[in-house]
Amino acid sequence: MYILGISAYYHDSAAVLIKDGEIVAAAQEERFTRKKHDEAFPLRAVEYCLSEVGIDISEVDHVAFYDKPLLKFERLIETYLSYAPRGWMSFRKAMPLWISKKLHLPKIIKKELGWKGKVLFTEHHESHAASAFFPSPYEEAAIICFDGVGEWATTSWGIGRGNRIEVKEQISFPHSLGLLYSAFTYYTGFKVNSGEYKVMGLAPYGEPKYVDLIMDELIDLKEDGSFRMDMDKFNYCQGLTMTNNKFNRLFGCPPRNPEEKLNQREMDIAASIQKVTEEVMLRIGRHVFDKTGQKNLCMAGGVALNCVGNGRLLREGPFKNIWVQPSAGDAGGALGAALTIWYHYLDMPREANGKGDRQYGSYLGPFYTREKIKEFLDGKGYPYKEYLEDDLYEEVAGRLERGDTIGWFQGRMEFGPRALGARSIIGDARNPEMQKKMNLKIKYRESFRPFAPSVLLEHVSEWFEYDSESPYMLMVAPVKEEGRIPMTDEQKGLFGIEKLNVPRSHIPAVTHVDYSARIQTVDGKHNKRYYGLIKKFYEKTDCPVIVNTSFNVRGEPIVCTPEDAYRCFMRTEMDTLVLGEFILSKKEQPEWREKKDWRDEFELD
Amino acid sequence: MDLLKELWAFLRVRKKFWLLPIIIILLLLGALILFSESSAVAPFIYTLF
């Protein structure tokens, strides 16, 4: 039986296909349309999912959408009523969309898909909770969804047992941890809905000196983690910005303009909101543990991508194990919707062994065979060399050791915002120049942003204060004390790339200024080649850690096809491209020409 | 017609009949905006709607 899950029309639209309860294909629309966070109906993602198993839409048994439009409409109407007449501008923009499109979703979905049956709708947080619990390794677990907003719920928790999920409590709009974080993302000059990651990356440069101000003036946080926000200081209910003048007065000036110079103030604000967020996560975590007594926790929702918070919850919180859905944002809602139909609507049995999850490493996207890649390379006449498996590892590990930055394109594309060794740019973590090179010459992104390590699972505890799995790069942990190099007072005063450039450990390219690292453990279960490569690198260098960043430039969705990968390779200063078993060297490639400046193609995120 | 049926069923389940006149007025107002403007665009800082 096939079930198609869909998320669309808000941000990060996606399609997921499950067959008899197992995920067979999942992808975000942005990867195909090349428009980051694309919210359009995921036609191409659906097309891919169906082609993965060679069926057409008539062979699908159920179609599920990841939230309930009428419930969301109710929230909108009630919010506009509460704020009238102040929400007029927002109302003027929202209503035409609702009247022309969002109120007719069942009809639109049927038309887009050519689907004759009924479309089923699951609640937004039900979808998040299902995406967190059902693929997790646990038979029983507590579930927390930390989110911006769906219909009404912004944060919710419940219990998953077998094939059932029971939501116990929720915090409702407008009080929202995700929107609070987004308000600060906006205020510090980053783009809401994509810049949250940057705020988290900026936080270690600052002092959390505004924590008391936030706690006193913006959020009334209770011991059990429940909270209310002072909505007088926010504008997202009724306006077209996240914050208002009262908020500005509280922090002493208007929001920073995008791309304007970052000052210590923004870093301190980032550090403060990060700390407040972690505090909320910890308190809710403890409350949920007290209420459920579960030792396992599953999480989803956009805030569950805050891996610094996740790391603290694991280290300092009461749960023994935490599993976070790798596609924790709205794209993952498509998966949750499909799984809800399978387990709740159809009441199918679920088995979990407590060890391995059912997410398959999140390698759930398109795969390109050797023949397909060869056909592409030969068709274009790009010079390459083909290698056998073992020789491939030897050659690529050697290039890593020599300081090459390498585009690594292998197997099925990842589902979720993190590159996990299928569509990655990789480098030598020991190389003190690597971070600078990757930030400024390859990713063309802000200099303060750190990179993440991929480490062999069996060696993780030797290099980091962490001793379990983190295959989805959703946990942050400190670099081992003995591997660190202390900074002098002079070095501590540096900022951005200068501070990042100070070697702070034996793996400087993946060590943030506070000695933390966003870890991906690699065990070879689902990505044999990535494991084989790091293992070979370890044999050559005694270092089981490499740099792993997503295969894209700033503002671009992660590459999907060999063509996307080659284009990105040629536009940047990457040295080597590995497409399956084919290695391409930059210096052997023909000159790359484009009619327009490719930097205009992607809107900065 | 389907939409009206769904809306009615929704209000019954949610027991929010008081919303009906408000929804009708707001929908009419929204329709007015829709037909008086050339396109329905959604440039918004956070897609809350």
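Keep in mind that the numbers below use all heavy atoms, side chains included, and drop hydrogens, waters and symmetry copies. A note on names: the letters A, B, ... follow the listed sequences, proteins ahead of strands, and every chain is numbered from 1.
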Is it the case that the side chain of A:T188 and the backbone of A:E266 share a donor-acceptor pair, with hydrogens and angles ignored and the cut-off at 3.5 Å? no

Enclosure of A:K110 NZ (heavy-atom neighbours >12, cutoff 6.0 Å): yes

Between A:E78 and chain B, with a heavy-atom cut-off of 4.5 Å, which part of the residue counts as in contact: side chain, backbone, both or neither? side chain

Where on B:L26 is there a heavy atom nearer than 4.5 Å to chain A: the side chain, the backbone, both, or neither? both

Residue among B:L27, B:L11, B:L7 with most heavy-atom pairs under 4.5 Å to chain A: B:L27

Without swapping roles, check the side chain of A:E151 against the backbone of A:K68 for a donor-acceptor pair under 3.5 Å. yes

Parallel, tilted or perpendicular: which one describes the rings of A:Y9 and A:F41, with boundaries at 30° and 60°? tilted

Cut-off 4.5 Å, heavy atoms of chain B, and the answer for A:L81 is side chain

Taking side chain as everything from C-beta outward and backbone as N, CA, C, O, which of these in A:P69 sits under 4.5 Å from a heavy atom of chain B? Side chain, backbone, both or neither. neither

Once you measure the plane-to-plane angle for A:Y345 and A:H62, does it fall in the parallel (<30°), tilted (30-60°) or perpendicular (>60°) bin? perpendicular

